[in-house]
Structures are given as C-alpha cells and as structure tokens.
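Fair warning: this is a prediction, and the values are worked out from it, not measured in the lab.
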Amino acid sequence: MKRRGAARLAAAVLASGLVAVGALAGAGTAAADDVPSGNGGATATLSGLKTFDKAVIHDKGDQEVGAGLFEMAVDNGGSIQTYCIDLHNPTQSKAKYEEKPWSQTSLANNREAGKINWILQNSYPQVNDLAELASKAGSGALTEKTAAAGTQVAIWRFSDKAKVDAVDPAAEKLADYLEKSARNLAEPKASLSLDPPAVSGKAGERLGPVSVRTNAESVTLTPSAEAAGSGVKLVDKSGKTITSAANGSEVYVDVPSDAADGSATLTAQAATKVPVGRAFSSDTKSQTQILAGSSESTVSASATAHWAEKGAVPAVTAEKDCAEGGVDVTATNKGDEAFTFTLLNQKYTVEAGQSKTVTVPVNEDQSYKFSVRGPNGFQKTFSGVLDCKTTGSGTGGSDTPSSKAGPASAGGTGGGEVFSGDTTAVDATAGGDLAETGSSSSTPLIAGIAIALVVVGGGAIFFVRKKKAPSGE
C-alpha cells in the first residue's frame with residue numbers, strides 16, 4: 001500500500017496552470033469549482049506518430065502495425081517525443097495530455113515499469129549515435145525509423161506483456177537487446193509540482209507551507225488577481241515577499257487578519273526539459289504515453305489556499321488511485337469547528353485540525369464526475385477518466401487490434417453530476433474520432449471503443465481514512 005500524506009493530492013491544473021477559484025464556503029460564502037485532476041508539469045496536444053517503422057503483434061492472428069515515436073506540442077511553448085505504453089488502446093486526434101506520476105497510470109502496478117525507463121535512457125532518441133547503438137545491440141545498421149521501432153517493440157513487451165516483433169531484422173535485434181539488458185530504474189521526478197496542492201487556515205496566518213518540486217533552475221510564482229487585491233501575499237518562511245522559488249523552496253500564503261473569508265490560487269511556472277520517463281495520460285481516453293525526449297518546454301502547477309475568520313476551514317483535493325481502483329478525495333480542516341460534507345449521497349465529518357480521505361470506486365476506463373458539497377453552498381467538483389490498466393491486462397475492450405477506427409462515445413444524464421436519492425450517474429463520454437494508433441496510414445491499430453454508462457449505487461463500498469492534518473500545513 002502506498003503511503004499518503006493527508007494533503008498529498010492533486011490540485012486543479014488547467015492547460016496554462018491557472019485555476020479559477022471562487023470564494024470559500026466557510027462563514028456564509030461558497031466555493032464551486034469544476035476541477036480536472038492533475039499534478040502539475042507539462043500539458044501537451046498530440047501531433048501524431050512521426051518516426052516509425054513496422055511491427056507485428058501476435059495475438060489471435062498476426063497484425064502489422066506502426067511502431068515508433070509520437071510527437072506532442074507543449075502548451076505555451078515546447079515539444080516532446082513519446083512512446084506508447086498502452087498498445088491496445090486508441091489515440092484520439094489532437095488529444096490533450098498531462099504529465100502524470102506513474103501511480104496514476106497503468107505503470108502503477110507494473111513491477112517492470114523501471115525497465116521501460118532504462119530502455120528510454122539507453123536507446124533512441126536519448127542515444128542518437130545510431131552506429132554506437134547498433135554496435136551495442138549487434139543489430140546491423142539502424143535508421144531513425146528502425147531504431148524507434150525497435151525501441152517501441154521492447155517497451156511494449158514490458159508495458160503490455162505483448163507478443164510483438166519488429167519487421168525489420170535490425171530493429172528486432174535492437175528490441176531483443178533492450179529487452180534482455182533492461183533493469184529497473186527509479187521513476188523520474190515531476191518537471192514541476194506543488195505539494196500539497198491545497199492548504200487552509202485562519203485569516204491573519206501564514207498558510208502552508210507549499211513545497212516546490214522542480215528540475216528547473218527557478219520558477220516564477222504568481223498569486224491570483226483576487227489575492228493581490230485583498231492584500232494576500234506569497235512569502236517565504238521568514239515572511240519576505242517572493243516572486244520566484246527554486247527546487248525545495250517552501251512558499252506560504254500570508255493572509256491579513258482583516259481579510260474577508262475567501263481563497264486564492266498560487267501558480268508556479270518555469271521553462272525546462274521534462275525528465276525522460278515521465279508518463280503522459282489523457283482524460284479523452286487516448287492511449288497512455290511515456291516521455292522519450294523533450295525540448296525546453298513550459299511547465300506549470302498550482303495550489304489553492306482557503307481561509308476564514310472562524311468556523312470550519314476546509315481544503316478539498318482529489319487524485320486518481322490506481323492501486324485502489326478509484327479516486328481519493330481528501331478533506332483537510334484547519335478551522336475551529338467540524339466540517340461535514342456530502343459525497344455521493346453519503347455524509348462525512350472532519351473534526352477541526354484533522355483530515356479524512358475517501359476512496360471513491362470507479363470502473364476502469366470510466367469517466368467520472370462527482371461533487372463534494374458542504375454547508376453554505378460549498379461545492380467542489382472533480383472529473384476525469386480512470387485509466388489504470390492496459391487493455392491486454394484483462395480489463396474491458398478488445399484484446400486484439402482491429403483494422404478499423406471509429407468514434408468512441410456514450411452519453412450520460414446530467415453530465416454525470418450527483419443526483420438526489422441513492423444513485424449517482426457517471427458520465428462516460430469519450431468523444432471524438434479515433435486516430436490511427438501506433439500504426440501506419442494503412443494499418444490503424446485498434447477499433448473504436450464504446451464506453452458504457454456506469455451507475456454507482458449509494459450502497460457502494462467506500463474506503464475511508466482519517467488522519468491528523470500535517471503539522472507543517
């Protein structure tokens with residue numbers, strides 16, 4: 001079981017790293033945010049499969065597919081190259097991707113995930129001297145296309161346990177060499193993250209700390225416009241106002257004692273190369289990717305701060321939990337009264353100074369959208385897609401790639417919001433046409449998937465963990 005701090009959960013991160021935050025529901029005001037899950041880092045748009053050759057999947061017959069490097073355009077500047085780690089799922093044209101920790105992808109339960117990282121570090125494009133690579137592999141001459149194909153084939157053997165071979169003999173020898181040589185390497189750190197992504201407390205206090213984690217030399221720090229207008233400042237532990245920070249820095253949100261109950265957003269942004277081996281996933285159900293190379297790119301992260309003069313002062317966050325097959329929702333209360341909230345028609349209470357985590361079960365490949373509701377109109381809504389396993393690992397979908405591509409969509413009543421009574425609808429819309437996935441123009445990888453609407457009953461099992469709030473928050 002992985003360890004979690006009480007507030008180690010994902011903040012709302014949009015493509016630019018900015019989050020629109022309403023007023024806090026503490027003493028008569030309300031917060032109502034529809035927040036996608038995310039941890040900060042790079043966000044990008046899929047451009048397509050760019051450098052590839054052919055491979056053959058041996059699964060209920062042989063099928064030839066394209067295998068190689070994808071390219072993505074990073075929001076606000078930069079580009080990245082990726083390999084697929086989700087062979088039997090489709091890509092969606094122009095899908096939006098977010099940098100994610102392995103724990104929120106199919107790599108979470110893969111004991112050989114570190115071997116994929118070794119392959120990335122020791123093959124193309126990180127090793128761009130193809131003569132040297134060919135010599136190590138004993139493969140014979142390699143081109144960029146065959147080197148990319150051999151690397152992708154080796155990755156699929158670990159990511160999907162696939163029976164797959166490269167068509168080109170040199171590419172196949174490279175794949176065999178990489179597979180046999182690979183050893184487990186640690187997961188790389190995020191390009192940029194803020195931890196925890198939500199803090200709370202009383203007016204007149206310094207809220208935090210929020211720790212900056214990044215591989216950039218420095219990051220710029222910006223408070224939301226509402227914060228600046230109310231005298232709220234970003235400061236270090238000595239109380240000095242700051243506008244930038246380095247890796248390991250601790251940032252506090254300094255709230256004046258006369259500030260009205262409310263909230264603010266801290267945004268961090270930097271230009272850096274995203275570490276090779278970082279995972280990228282999409283909430284449009286487009287196949288999960290892993291980073292193979294990066295130009296200098298714009299990365300961002302955000303955290304929210306909530307304060308009130310008295311009463312309950314909650315901070316509510318959520319992150320996907322692939323180990324438990326659901327979404328962890330954590331409420332931390334830094335006020336002087338208990339905070340009671342409703343989640344999927346069940347009520348939970350967090351005492352003053354404590355934190356509680358509720359794991360909401362979500363089916364694999366299922367879109368979800370649910371709200372946390374509290375007193376005085378408090379509402380925070382979380383949405384996304386749980387994509388924790390490869391199709392070949394026994395979860396829904398076709399085990400064999402198809403020669404046709406098609407739309408993948410399904411509708412849901414009310415957009416998946418929580419309804420009164422004992423049922424909750426979870427919207428399963430994937431939307432869009434499926435692009436050719438890991439394939440050449442004549443051999444698309446996989447058929448369209450129809451994602452079913454799932455109804456989660458009020459009697460579903462929830463896993464609840466109660467913790468004291470971290471002393472440093």
Side-chain angles (χ1 to χ4, degrees), residues 2 39-42 44 51-52 55 67-72 74 79-87 89 97-130 132-133 136-137 147-162 164 166 171 174-193 213-216 247 272-282 287-295 297 299 320 322-323 387-390 392-393 438:
K2 64 180 182 179
N39 289 79
T51 306
F52 64 95
L69 279 169
F70 289 83
E71 290 185 5
M72 296 190 201
V74 178
S79 63
I80 57 175
Q81 294 175 303
T82 60
Y83 286 108
C84 164
I85 53 171
D86 199 1
L87 172 60
N89 270 337
Y97 278 79
E98 292 182 347
E99 182 182 342
K100 293 290 177 68
W102 289 0
S103 62
Q104 295 186 29
T105 72
S106 58
L107 298 179
N109 300 310
N110 187 337
R111 295 181 179 179
E112 296 183 309
K115 293 183 178 180
I116 298 173
N117 193 17
W118 186 94
I119 291 171
L120 294 167
Q121 304 292 342
N122 291 275
S123 191
Y124 182 76
Q126 288 304 300
V127 178
N128 56 20
D129 186 335
L130 298 182
E132 177 187 352
L133 184 60
K136 288 182 178 179
T151 305
Q152 176 66 91
V153 166
I155 289 172
W156 277 335
R157 292 174 183 174
F158 290 117
S159 65
D160 293 75
K161 311 300 180 188
V164 57
L174 173 61
D176 289 344
Y177 158 74
L178 294 171
E179 180 184 11
K180 292 175 183 177
S181 302
R183 57 185 177 85
N184 276 309
L185 296 183
E187 175 183 2
K189 302 296 184 181
S191 61
L192 176 60
S193 66
R213 308 297 182 195
T214 184
N215 67 339
N247 181 50
T272 187
K273 288 187 176 182
V274 182
V276 170
R278 291 295 291 173
F280 279 76
S281 67
S282 172
Q287 67 178 208
T288 308
Q289 307 274 319
I290 194 163
L291 191 96
S294 170
S295 71
S297 301
V299 297
K320 298 174 186 178
C322 286
D387 186 10
C388 291
K389 300 178 181 179
T390 61
S393 63

Interatomic distance, OG1@Thr51 vs CD@Glu71, rounded to 0.5 Å, equals 6.0 Å

Nearest heavy-atom contact between Val153 and Ala166 is CG2-N, 3.9 Å

| said: Whether Lys161 and Glu112 form a salt bridge (side-chain N of Lys/Arg under 4.0 Å from carboxylate O of Asp/Glu) is what I want to check. | reply: yes

Inset, instruction - Output yes when a side-chain donor or acceptor of Ser297 lies under 3.5 Å from a complementary backbone atom of Ser295, and no otherwise. - result: yes

### Query
Leu174 versus Tyr124: any side-chain heavy-atom pair under 4.5 Å?
no

Between the CG atom in Asp86 and the CG atom in Asp160, the distance rounded to the nearest 0.5 Å is 6.0 Å

Heavy atoms of Ala279 and Thr105 approach each other most closely as CB-CG2, 3.9 Å

Check: Would Gln126 and Asn128 count as a side-chain contact (heavy atoms from CB on, under 4.5 Å) if you check the C-alpha gap in whole Å, the side-chain angles of each, and the deciding distance to 0.1 Å?
Finding: CA-CA 6 Å; Gln126 288 304 300; Asn128 56 20; over 6 Å; no

So, Glu99 and Ser191: side-chain donor and acceptor under 3.5 Å apart, yes or no?
yes

Note: Gln104 and Cys322 closest approach over all heavy atoms is C-SG, 3.5 Å

Donor-acceptor pair, side chain of Asn215 and main chain of Lys273, under 3.5 angstrom
yes

Counting only N and O atoms by type, is there a donor-acceptor contact under 3.5 Å from the side chain of Arg278 to the main-chain atoms of Pro188? yes

Nearest heavy-atom contact between Thr390 and Ile85 is CG2-O, 3.7 Å

d(Ile116 CD1, Ser159 OG) to nearest 0.5 Å is 5.0 Å

Exam field: side chain Asn117 to backbone Glu187, donor-acceptor pair closer than 3.5 Å:
no

d(Ile290 CD1, Thr82 OG1) to nearest 0.5 Å is 9.5 Å

Output for pair (Leu178 CG, Lys136 NZ), nearest 0.5 Å, gives 10.5 Å

- Could you check Met72 against Tyr97 for side-chain contact (heavy atoms from CB on, under 4.5 Å), going step by step and ending with a plain yes or no? CA-CA 9 Å; Met72 296 190 201; Tyr97 278 79; 3.7 Å; yes

Are Arg157 and Asp176 ion-paired here, with the side-chain N under 4.0 Å from a carboxylate O? yes

When rounded to the nearest 0.5 Å, the distance separating OG of Ser281 from CG of Leu107 is 10.0 Å

task: Before giving the answer on side-chain contact (heavy atoms from CB on, under 4.5 Å), spell out for Thr272 and Leu192 the whole-Å C-alpha distance, their side-chain angles and the decisive distance to 0.1 Å.
output: CA-CA 9 Å; Thr272 187; Leu192 176 60; over 6 Å; no

Under 3.5 Å: donor-acceptor pair, side chain of Gln152, backbone of Tyr83
no

- Does the Gln289 side chain pair with the main chain of Phe280, one donor and one acceptor, at a distance under 3.5 Å? no

ask   = Does Ser181 reach the main-chain N or O of Tyr177 with its side chain, forming a donor-acceptor pair under 3.5 Å?
value = yes

Shortest non-hydrogen pair, Arg183 vs Trp118, comes out as O-CB, 3.2 Å

_Determine whether a donor-acceptor pair (N or O, by modelled atom type, separation under 3.5 Å) exists between the side chain of Trp102 and the backbone of Gly277._
yes

Under a plain distance cut-off of 3.5 Å, with no hydrogens placed, do Thr214 and Asn247 share a side-chain donor-acceptor pair? no

For Ile155 and Cys84, the nearest pair of non-hydrogen atoms, with its separation, is CG2-O, 3.7 Å

With a 3.5 Å distance limit and no angle check, can you tell me whether Asn89 reaches the backbone of Gln287 through a side-chain donor-acceptor pair?
no

